[in-house]
Amino acid sequence: MLRSVWVDYSRKGSPDVVFVGRRRDGEPAALVVKGFRPYFYVEAEEGFDPDRLEGLSGVVEVREVERRHPYSVEERVSLYQVLVTYPKVVPRLRERVKELDGVREVYEADIPFVRRAAIDLNVPPASEIDVDGLREGSWSGLPAYFADAEEARELEHRPYPLDELVVASFDIEVLAEPGTTTEGSAGPVIAISFAYRTPDGERGNYVFTWKGEEAEFTVDGVETEVVVCESEAAMLREFVERFRRVDPDVVFTYNGDEFDLPYLKRRADRLGLDVGRLARPPGKRGVIIKPGAARRASDIFGRAHVDLYHTAQKNLKLERFTLEEAVRDVLGVEKEELELAEINEAWKRGDLERLFRYSAEDAHYTLELGLELAQVELELSYLTRLPLPDAVRFSFGQLAEWRALYRAHHEGILAPNKPSRDEYERRRREEYKGAIVFEPKIGLHEHVVCVDFASLYPNVMVHHNISPDTFDCDCCPEVTVEEADDPTEATVAPGVGHKFCRRREGFFPRLVKRLIERRREYKARLREVDPDEEPERYRLLDVRQQAYKVLANSYYGYMGWANARWYCRECAESVTAWGRYYIREVRRIAEEEYGLRVVYGDTDSLFLKLPGADLSETIDRVKEFLEDVNRRLPVELELEDVYERILFVTKKKYAGYTTDGKIVTKGLEAVRRDWAPIARETQRRVLERILKDNDPDAALKEIHRVLERLRSGEVDLDELAVTSQLTKKPSEYVQKGPHVRAAQRLARYLGTEPEPGTIVRYVIVRGPGSVSDKAYPVELAREEGKEPDIDYYIEHQILPAVERIMKALGYSRGQIVGESTAQKTLDQFLG
DNA sequence: GGCTCTCGGGG
DNA sequence: GTGTACGAGAGCC
């Protein structure tokens, strides 16, 4: 049995597909599949001579095949399947074939070879594979099992728990001059922290460095060893050695895709070191950086690099997605933090203890975070047949598509192509009526319960058979909601007029139904497990049902995604139409039958309160209501959050304080680095006064205090500094924004033109002209004694951050800026 | 109002 | 690697 974590294919000779992982006995091993060929499909006019395909160089064989039509439940498409020698010949061949007379279209010619193989052979890249009985041998020094394509198709496999792998994490600290970027000036790596855990529970934490003294301390109860090396190069060598000895299957990082791995590789290259030794087996393609991508991806050959930044973004709801925030949210731990300047300072002064502890904590908690969050990625990788590192990086839309590609292949359905650039743009302009957003009751409310439809859209898709291949069928009559005896049995979506087949099940409903049913099975099994007795098994089943759920939930969004292969505007439009129908029904039931008041609602959520009731009464009433609704309608309405207080500002913008002490904000965040610290801080304090202390007047006083400080010139330029990054040289900009003009001023001052990647810290100073005319680098502004432009900071920073919030509480602009003292009493705004 | 540009995570 | 995110917000023109 092999637990595989990684797939690639050999570039020399035949393109063998190699799955690398670990055997049950703990040894690393590989499954090598021989004889699977790259291919694509060609649709041609009648009378087209397939010999013309056969004659092209790189083509091995041409087969006549039939596939099911992607947009019709009945139709079949006749195609030529063109099998070729190597993956890399496909792009060239695809273009040549398109130009042949009589060729209408080329299909499935853009599917990377390992993904194609994982789908067709039905060997999930991250799965426990029964390889016993296969021919044994070795591949690049690893014990290997050999199968031909036909044998591979028969292999049994299943998902496995992360605990059965060797998992590790690492984090690097580097010397970076403030105001520079790590892209341009690669300062030395000063410390590498490394943490691991084996299936039998063995753990280790290390900090490798090249200054200071050997030391030992504990982080979160784990012994941590500081290993001091002779030099940076020796430290890198030592890290690589230890890493190889631990031999992790999964490597967690936090933003390793764009920082740790590329940096490590660049630094190692500069020092003449070989990071290829990090690979399993060691080789030239050790650390694979894909630099061309808009978002860079980095991999370690033979191991699964799981960058938890993506996982956090997809699975957590945080205001900011820093490691610190993610760790706080998931593990409830306050991590030791160091500012960039403090890292430099500590290293230069030799004050290293805090630095090492900080570094060790980063790796340790990254590992802990991975142990908590990554199981769902393994499940999604399994469900989509995507390699684990890809599944981690992909959006839910992409995951939905790859699951569809996998199912389509095995159901004999031809996959549509991705849209051209023009088609993509056209789709993006295409508008359709989306979900309903109820008008919020603006102002502050107490004791509000948020309920939402966990699976409204998937249920709608299945129940109403909404799918690209059932849209506008020839076989069913049009029956509207008004005409139908049972409105939920209408063939036409309410209000939008699109008809869907009711005789034959569509591809997407079948796909979604399968996910929903499997999820139900896991939930049933979950009920049989006692979480106290078998916590691991319980957690695993729970994660599994979640993976099915999130995937099922992705298909509505997928059909409306402009880049989708199975894009179907009418489908998406019909799903939202039914969604509006159901949420209105539910709202009516809440109000008419349960006396609940809807203070806000968006898409699949309702914010409810029971006038005159306390929190526990409200919750009880809501629970009764939920049970009733779920029995009566084909929906699943759930209790989502309970708010002590919540402030509705406008549609899509609100902030609340939950009964478990969390501040939740939507659409109000001002956390980007192109906002001045003073604006971010003021907003945070204002929300805290209102939501936690229930004291809007104190919030107003916070604002007045800040405005007063600004006007009196007490505010330090650092509080006003906005940072922004140059993406090209200043002279190359068409439109010279404030950061460009600030950079040009800095260039004149320093005498060198800044490189792309330079980070500019600037303030807006008093004077004539546009914002850009007044943008000065902080150092220069300080040197020349420039005064900050108070009006700019008030109008463009402080007020945008707080004005809407305060207005929702009934304060006028005059009151907010301190020109008027008349205040409405809070009671008027407590509904 | 359209176009251009930047944000995110990491040090 | 059979490839090239994304959606929002600010300021310029």
Side-chain angles (χ1 to χ4, degrees), chain A residues 8-9 11 15 38-40 84 86-95 106-117 171-178 180-183 185-191 253-263 285 288 290-297 307-310 312-313 320-326 338-344 347 355 358-359 362 366 390 393-395 397-398 418 428 561-563 667 669-675 722-728 733-741 759 770-773 775 796-797 800:
Chain A
D8 199 36
Y9 68 93
R11 265 83 177 165
Y39 68 85
F40 57 89
V84 308
Y86 306 111
K88 67 175 181 198
V89 308
V90 171
R92 183 177 54 82
L93 266 172
R94 160 180 80 200
E95 297 312 314
V106 169
Y107 290 100
E108 301 190 29
D110 58 352
I111 297 178
F113 185 60
V114 292
R115 298 187 201 160
R116 173 91 273 172
D171 179 63
I172 67 172
E173 312 303 326
V174 311
L175 268 197
E177 290 303 317
T180 62
T181 164
T182 47
E183 292 295 328
S185 70
V189 178
I190 54 177
T253 64
Y254 203 85
N255 204 28
D257 262 348
E258 294 207 83
F259 181 68
D260 299 77
L261 279 163
Y263 201 98
R285 291 164 50 78
I288 307 161
K290 297 156 193 163
R295 286 300 271 198
R296 189 161 41 183
D307 182 343
L308 295 167
Y309 172 51
H310 306 291
Q313 282 204 316
R320 304 196 65 189
F321 288 91
T322 58
L323 175 60
E324 184 190 5
E325 291 286 336
L338 277 188
E339 304 267 323
L340 178 53
E342 291 180 296
I343 294 172
N344 291 336
W347 182 256
L355 176 64
Y358 162 72
S359 176
D362 275 2
T366 299
D390 289 340
R393 293 177 190 119
F394 279 15
S395 65
Q398 288 168 298
K418 283 201 212 154
R428 282 182 57 121
W561 177 39
N563 212 19
E669 297 86 352
V671 292
R672 292 160 42 130
R673 70 182 180 202
D674 50 6
W675 278 73
V722 170
T723 40
S724 189
Q725 190 169 28
L726 296 178
T727 56
K728 40 195 161 192
Y733 277 88
V734 181
Q735 197 161 283
K736 313 242 190 255
H739 68 301
V740 181
R741 297 288 299 280
I759 291 178
S770 68
V771 176
S772 291
D773 292 333
H796 295 268
Q797 296 273 340

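Per chain, numbering begins at 1; letters A, B, ... match sequence-line order. Worth saying up front: this structure is predicted, and the values here are computed from it rather than measured.
When heavy atoms are screened at a 4.0 angstrom cut-off, A:D362 is found touching the sugar-phosphate backbone but no base atom. Within the nucleic acid shown, A:Y358 comes within 4.0 Å of sugar-phosphate atoms alone, with no base atom in reach, counting heavy atoms only. Within 4.0 Å of A:S395, counting heavy atoms only, lies no atom of the nucleic acid at all. Across all strands shown, A:F113 has heavy atoms under 4.0 Å from base atoms, whether or not it also approaches the sugar-phosphate. Base engagement by A:E108 is indicated by at least one non-hydrogen atom pair under 4.0 Å involving a base atom. Residue A:D257 is out of contact with every strand shown, counting any heavy-atom pair closer than 4.0 Å. Nucleic acid contact for A:S770: sugar-phosphate only, since backbone atoms but no base atoms lie under 4.0 Å from a heavy atom of the residue. Residue A:W561 is in sugar-phosphate contact alone, with no base atom involved, counting any heavy-atom pair closer than 4.0 Å across all strands shown. A:I111 comes within 4.0 angstrom of a nucleotide base, judged by non-hydrogen atoms across all strands. If you check every strand for non-hydrogen atoms under 4.0 Å, A:F40 touches nothing. Within the 4.0 angstrom heavy-atom criterion, no nucleotide atom of any strand lies near A:L93. Within 4.0 Å (heavy atoms only), A:R116 reaches at least one base atom of the nucleic acid. Using a 4.0 Å heavy-atom cutoff across all strands shown, A:P87 reaches at least one base atom of the nucleic acid. Among the protein residues, A:E173 comes within range of the sugar-phosphate backbone only, with heavy atoms under 4.0 Å from sugar or phosphate atoms but none that close to a base.
C:dG1 and C:dA5 are spaced 13 Å apart, taking the P atom of each and rounding to whole Å. Only the P atoms considered, C:dG9 is 16 Å distant from B:dG9, to the nearest whole Å.
Considering only side-chain atoms of A:K728, the nucleotide from B:dT6, B:dC5, C:dT2 that sits closest is B:dC5. Side chain of A:D171, nearest nucleotide from B:dG9, B:dG10, B:dT6: B:dG10. Ranking C:dG11, B:dG11, B:dG9 by closeness to the A:Q735 side chain, first place goes to C:dG11. You'll find that the side chain of A:R115 is closest to C:dG1, out of B:dT6, C:dG3, C:dG1. Here B:dG9 is the nucleotide among B:dG11, C:dT2, B:dG9 with the atom lying nearest to any side-chain atom of A:Y254. Distance from the side chain of A:R320 is smallest to B:dG9 among C:dG11, B:dC7, B:dG9. Taking every side-chain heavy atom of A:F259 into account, B:dG10 is the closest of C:dG7, B:dG10, C:dT2. Out of C:dC12, C:dG3, B:dG9, the shortest distance to the side chain of A:D110 is found at C:dG3. Considering only the side chain of A:V734, B:dT4 comes nearest among C:dC6, C:dG1, B:dT4. When the nucleotides B:dC5, B:dG10, B:dG8 are ranked by their closest atom to the side chain of A:L323, B:dG10 comes out on top.
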| request: Report the C-alpha separation of A:E108 and A:R116 in whole Å, then their side-chain angles, then the decisive distance to 0.1 Å, and conclude whether the side-chain contact (heavy atoms from CB on, under 4.5 Å) test is met. | output: CA-CA 9 Å; A:E108 301 190 29; A:R116 173 91 273 172; 2.8 Å; yes
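Atom NZ in A:K736 sits about 16 Å away from atom C1' in B:dC3, given to the nearest Å. Whole-Å rounding puts the A:W675 CH2 to B:dT6 P distance at 19 Å. One can place CD of A:E258 at 11 Å from P of B:dG8, the figure rounded to the nearest angstrom. Per the geometry, OH belonging to A:Y263 stands 8 Å off C1' belonging to B:dG11, to the nearest Å. Spacing between atom NE2 of A:H796 and atom P of C:dC12 amounts to 9 Å, rounded to whole angstrom units. For the pair A:R296 CZ and C:dG1 P, the computed distance is 15 Å after rounding to whole Å. Atom pair A:Q313:CD and C:dG7:P shows a separation of 13 Å (rounding to whole Å applied). A:R393 has its CZ atom 14 Å from the C1' atom of B:dG9, to the nearest Å.
Residue A:K418 places at least one side-chain N or O under 4.0 Å from the OP1 or OP2 atom of C:dT4. At the phosphate of C:dT2, neither OP1 nor OP2 sits under 4.0 Å from any side-chain N or O atom of A:Y107. Residue A:R741 has no polar side-chain atom (N or O) positioned under 4.0 Å from OP1 or OP2 of C:dG11. For B:dG9, neither phosphate oxygen OP1 nor OP2 lies less than 4.0 angstrom from any side-chain nitrogen or oxygen of A:T322.
Using a 4.0 Å cut-off between a side-chain N of Lys or Arg and a carboxylate O of Asp or Glu, A:R393 and A:D307 do not qualify as a salt bridge.
Distance check, rounded to the nearest 0.5 Å: CG of A:L175 to CD1 of A:I190 gives 4.5 Å. In this structure, OG1 in A:T322 is found 11.5 Å from CG in A:N255, a value given to the nearest 0.5 Å.
Within the 4.5 Å cutoff, no side-chain heavy atoms of A:D171 are placed close to those of A:Y254. When side chains are defined from C-beta on, A:E173 counts as touching A:D362, because their heavy atoms get closer than 4.5 Å.
Atom NZ of A:K88 has 12 or fewer neighbouring heavy atoms from other residues, nucleotides or ligands inside a 6.0 Å radius.
In this structure, A:R115 is not positioned above the aromatic face of A:F113 in the sense of NZ or CZ being under 6.0 Å from the six-membered ring centre and within 45° of the axis.
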